[in-house]
Amino acid sequence: MDNLATADSSPPHSLAPDQLTPAQRTAVDHFEGPLLVLAGPGSGKTRVITRRMARLVERGVDPRQILAVTFTNKAAEEMAARVERLAGGRPVAVSTFHRFCARLLRDHAELVGLQANYTILDTTDQKQVVRTVLDELNLDAVHFPPARISGRISRAKNEQQTAESLQANSVSRVGNHFQEVVARVYPRYQDFLLRANAVDFDDLLLHVQQLLTENPELRSRLDQQYRFVMVDEYQDTNLVQYGIVRLLSHDHPNLCVTGDPDQSIYGWRGARVDNILRFEQDYPDATVVRLEENFRSTAAILRSADQLIAHNQLRKAKSLITQNPEGDAVELLVYGSAQDEAHGISARIHELVSRNECTYGDCAVFYRVNSMSRQLEQALSRWGIPYQVIAGVAFFERAEVKDLLGYLRLIENPADDAAFARVVNKPPRRIGKVTQSKLARYATTEKINRLEAAAHAKQIPNLSKPATTALLRFHELIDGLNLADAGSVAELLRTIIDRTRYTAGWQTGLGKSSEQDIQRQAVIDELLALATQYDEDLGDERSLAGFLEITSLVADTDAIDPSQGNVTLMTLHAAKGLEFPTVFVAGVEQNLLPHERSLRDDNPREIEEERRLLFVGMTRAIDRLSLTLAAQRDLHGQSRSTIPSQFLNEMQLSMRDNTIPGDTAVPRPPLPDAGNTMGRSGMADSPLLTTGAALLNGTGEAATLEQGFAVGMAVRHPRYGRGTVVAVDGFARNRTVTVRFEDSDEGVSFQAAHCPLQPLGRS
DNA sequence: CCACTATTGCTTTTT
DNA sequence: GCAATAGTGG
């Protein structure tokens with residue numbers, strides 16, 4: 001089951017579980033004082049950290065005195081489970097930076113001007129808030145895109161620039177319109193958040209830093225409480241995180257950080273590699289351990305990766321060593337089009353699996369941008385290969401999820417005007433733009449939140465009668481909802497869906513529902529399942545705040561599920577910390593990897609980060625690694641010729657050209673027939689939906705079928721199983737296929753061009 | 001004054 | 001190919 005695992009498991013080439021190299025041993029046995037572990041890819045870093053934590057407990061350190069911080073929930077959970085196992089069942093707290101801060105802030109909210117029931121805004125909410133502020137300033141969102149503005153605000157926060165200092169800064173730089181606008185929006189944005197008792201992701205960290213800086217007694221108490229602090233992926237910390245870590249390890253500098261400057265890929269998010277590079281200056285008596293031997297990849301893979309990364313100038317020289325066997329050379333596969341590339345990869349996986357060289361779950365495909373998953377999904381679908389996409393359309397980004405969570409947020413924190421704006425007219429209850437802006441104006445002048453203002457609708461000037469009653473009814477609706485009455489989060493969600501008649505508008509009637517509605521319902525069911533799980537896990541401890549905290553701070557990478565036996569598709573960023581026997585990196589082209597944005601102003605730092613990104617991707621591979629590219633790729637709908645990535649010239653590769661025009665160099669899947677499609681795919685008729693990612697798996701887009709569909713044709717859907725086509729309507733893009741699946745009375749309609757239906761032949 | 005449909009434009013990476 | 005806007009009918 002562990003074919004996808006972090007570095008600590010035991011891949012074929014690794015040391016026996018109990019064995020440690022001398023360097024690893026030094027790190028594990030290190031007790032007090034600062035420790036820096038510089039760990040190359042596949043060097044057993046996770047194993048070292050977990051072993052060290054267990055060792056601390058063994059030496060009598062109370063687990064509550066250990067604070068371990070990672071960047072993803074997935075990493076945190078895995079680490080916690082592993083340490084607990086090693087430490088004889090004693091739980092050790094492992095948390096992400098954001099979660100740790102969220103908890104701390106919950107306990108001390110009033111010290112930074114918040115209340116304990118504050119809510120966390122996501123990027124969509126942030127953009128919405130920016131939009132509101134732009135409106136107030138009479139600026140248009142077309143000329144000043146909210147996404148860019150909130151990005152700049154986020155960057156400012158990461159660099160510890162307050163609204164005031166940014167303003168001061170931009171005044172000195174006259175002429176920069178955009179910067180000026182950002183400086184004007186920032187303080188109002190922040191004001192909105194504070195009034196809404198809400199924080200954004202950056203605030204979680206920033207508020208905690210402020211908390212620790214301004215309250216020395218609290219700081220020293222926490223410093224004392226967390227006598228041992230461990231930070232994983234230290235090269236990814238930003239200035240604020242760096243500050244927090246330092247504030248917590250002042251009196252007890254038993255700080256252990258681990259990381260690899262060559263795997264720093266979050267510079268764009270404010271991460272500072274310098275943090276790890278200057279650790280030895282920050283803590284002159286630090287012990288430094290270098291883990292350079294790789295236990296993961298073949299020598300061939302490692303050699304190419306090493307050659308690549310050696311081209312980074314702004315780097316301390318370091319080479320990767322391994323005693324692993326040579327293995328196959330790293331391949332470069334060149335295809336004529338993105339479609340060929342996708343089919344080529346699928347064919348390759350199909351071949352490897354049918355020759356029993358690996359399983360589907362052993363394979364991963366990485367790419368630079370999420371939008372590249374679509375074509376890969378289509379091809380894999382056509383080949384009948386089961387796959388999971390990490391963060392295709394993220395589960396928690398789905399409108400239904402955000403709406404329902406919006407209701408929960410508003411119930412928990414009535415001051416959350418962002419949540420109010422999100423749900424006040426969802427589903428449509430005749431509270432449109434005009435009414436909302438009158439309400440907002442009134443709320444602002446009266447200095448009350450919007451929900452309260454809705455209760456006073458009769459006092460709002462120029463409000464039409466129907467609008468007034470609609471607002472009053474909405475207020476009543478929210479007022480009548482709470483966790484105590486509902487009994488559990490899941491029950492509360494059901495009550496919300498029921499009372500708002502949330503799904504009422506969906507039934508397109510005539511005894512058939514659309515594919516879209518089925519998906520939306522599935523999303524809701526998934527959220528309910530998640531809530532039920534939460535209710536069970538927490539028992540009497542359950543709270544809305546707790547549930548919202550979990551749902552706000554999850555990442556899509558958390559959904560990676562190795563046990564499913566699926567090919568895994570994800571971005572290069574999401575791939576960090578994982579390993580797979582067979583890896584494909586797709587789209588290794590100039591302007592894509594390196595991304596065009598990094599080439600734009602010829603900044604070597606950015607190009608080096610792109611190089612590290614490819615390095616990270618390559619070093620995930622255990623046995624087989626292929627880099628692929630397409631000579632032509634669609635960009636904004638237009639097909640364009642591409643240029644091979646500059647990185648390809650920097651390493652040893654064995655090239656295979658599959659671009660012979662009009663030829664069969666790229667195989668297409670064998671024609672489907674009822675007999676062997678099932679056997680080949682290895683897919684269950686209706687797989688269980690377990691995670692958000694798995695849920696969305698296979699439903700995105702799909703095959704364009706040359707032969708089309710006809711009434712009476714037997715088809716198979718990756719999720720709903722076998723069925724028969726009962727109707728075909730419309731033309732071209734509007735063509736829909738209605739299918740009746742086995743054990744179902746209803747027909748389900750699909751867009752012919754965009755569904756993963758596989759024809760099985762006539763029945 | 002609101003809801004719905006057609007149309008234009010922009011698209012890294014993520015806690 | 002999506003999401004914010006413009007336009008139209010109710």
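Everything numeric in this text was worked out from a predicted model, so none of it was measured. Chain letters run A, B, ... following the sequence lines, proteins first and then strands; every chain starts at 1.
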From the options [options], select the nucleotide whose nearest atom is closest to the side chain of [X].
X: A/Thr571; options: B/dT15, B/dT13, C/dG10; value: B/dT13
X: A/Pro428; options: B/dT13, B/dA3, B/dT15; value: B/dA3
X: A/Arg374; options: B/dT14, C/dG1, B/dA3; value: C/dG1
X: A/Arg269; options: C/dA4, B/dT14, B/dC1; value: B/dT14
X: A/Trp268; options: B/dC2, B/dT15, B/dT14; value: B/dT14
X: A/Phe201; options: B/dT15, B/dC2, B/dT14; value: B/dT15
X: A/Val434; options: B/dT15, B/dT13, B/dC1; value: B/dC1
X: A/Val369; options: B/dC1, C/dA4, B/dT13; value: B/dT13
X: A/Lys438; options: B/dC2, B/dC1, C/dT5; value: B/dC1

[X] [atom1] to [N] [atom2], straight-line distance once rounded to whole Å:
X: A/Lys465; N: B/dC2; atom1: NZ; atom2: C1'; answer: 19 Å
X: A/Ile550; N: B/dT15; atom1: CD1; atom2: P; answer: 16 Å
X: A/Leu205; N: B/dT15; atom1: CG; atom2: C1'; answer: 8 Å
X: A/Met570; N: B/dT14; atom1: CE; atom2: P; answer: 11 Å
X: A/Arg611; N: B/dT13; atom1: CZ; atom2: P; answer: 21 Å
X: A/Leu206; N: B/dT15; atom1: CG; atom2: P; answer: 19 Å
X: A/Tyr266; N: B/dT15; atom1: OH; atom2: P; answer: 6 Å
X: A/His98; N: B/dT15; atom1: NE2; atom2: C1'; answer: 4 Å

Hey, can you tell me if A/Tyr242 and A/Tyr234 have their rings parallel, tilted or perpendicular (30° and 60° cut-offs)?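 Geometry flag for A/Tyr234 against A/Tyr242: tilted rings.
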Any idea how A/Tyr266 and A/His573 line up, ring-wise: parallel (<30°), tilted (30 to 60°), or perpendicular (>60°)?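 Taking A/His573 first and then A/Tyr266, their aromatic rings sit tilted (interplane angle of 30° to 60°).
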If C/dG10 has a Watson-Crick or G-U wobble mate with both distances under 3.5 Å, name it; if not, just say none.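 Partner of C/dG10: B/dC1.
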Which nucleotide, if any, forms a Watson-Crick or G-U wobble pair with B/dC10, using both distances under 3.5 Å?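 Check on B/dC10: unpaired, no WC or wobble geometry under 3.5 Å.
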Would you say the side chains of [X] and [Y] form a donor-acceptor pair under 3.5 Å?
X: A/Asp232; Y: A/Thr70; value: no
X: A/Asp200; Y: A/Tyr189; value: yes
X: A/Asp403; Y: A/Tyr502; value: yes

[X] side-chain N/O to [N] phosphate OP1/OP2 under 4.0 Å:
X: A/Thr123; N: B/dT14; value: no
X: A/Arg597; N: B/dC10; value: no
X: A/Asn158; N: B/dT15; value: no
X: A/Thr72; N: B/dT15; value: no
X: A/Asn425; N: B/dC2; value: no

Using a cut-off of 4.0 Å on non-hydrogen atoms, how would the nucleic acid contact of [X] be classed: base, sugar-phosphate, or nothing?
X: A/Arg429; answer: sugar-phosphate
X: A/Arg131; answer: sugar-phosphate
X: A/Asp202; answer: nothing
X: A/Ser552; answer: nothing

So, do A/Phe97 and B/dT15 meet the stacking rule of ring centres under 5.5 Å and planes under 30°?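 Check failed, A/Phe97 does not stack on base of B/dT15.
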Closest-nucleotide 5' rank along DNA chain C - winner of A/Lys433 and A/Arg430: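 The residue whose closest nucleotide sits nearer the 5' end is A/Lys433.
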Along DNA chain B (nearest heavy atom to each residue), the more 5'-positioned of A/Gln126 and A/Glu606: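 On the 5' side of the pair lies A/Glu606.
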On DNA chain B, check which nucleotide each of A/His595 and A/Phe71 is closest to and give me the residue with the more 5' one.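 That would be A/His595.
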Kindly give the heavy-atom pair with the smallest separation between A/Arg450 and A/Ala421, and that separation in Å.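 Residues A/Arg450 and A/Ala421, closest heavy atoms: NH1-CB, 4.0 Å.
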Provide the closest heavy-atom pair for A/Arg597 versus A/Glu606 in the form atom of the first, atom of the second, distance.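 Looking at all heavy atoms of both residues, the shortest contact is O-OE1, 3.5 Å.
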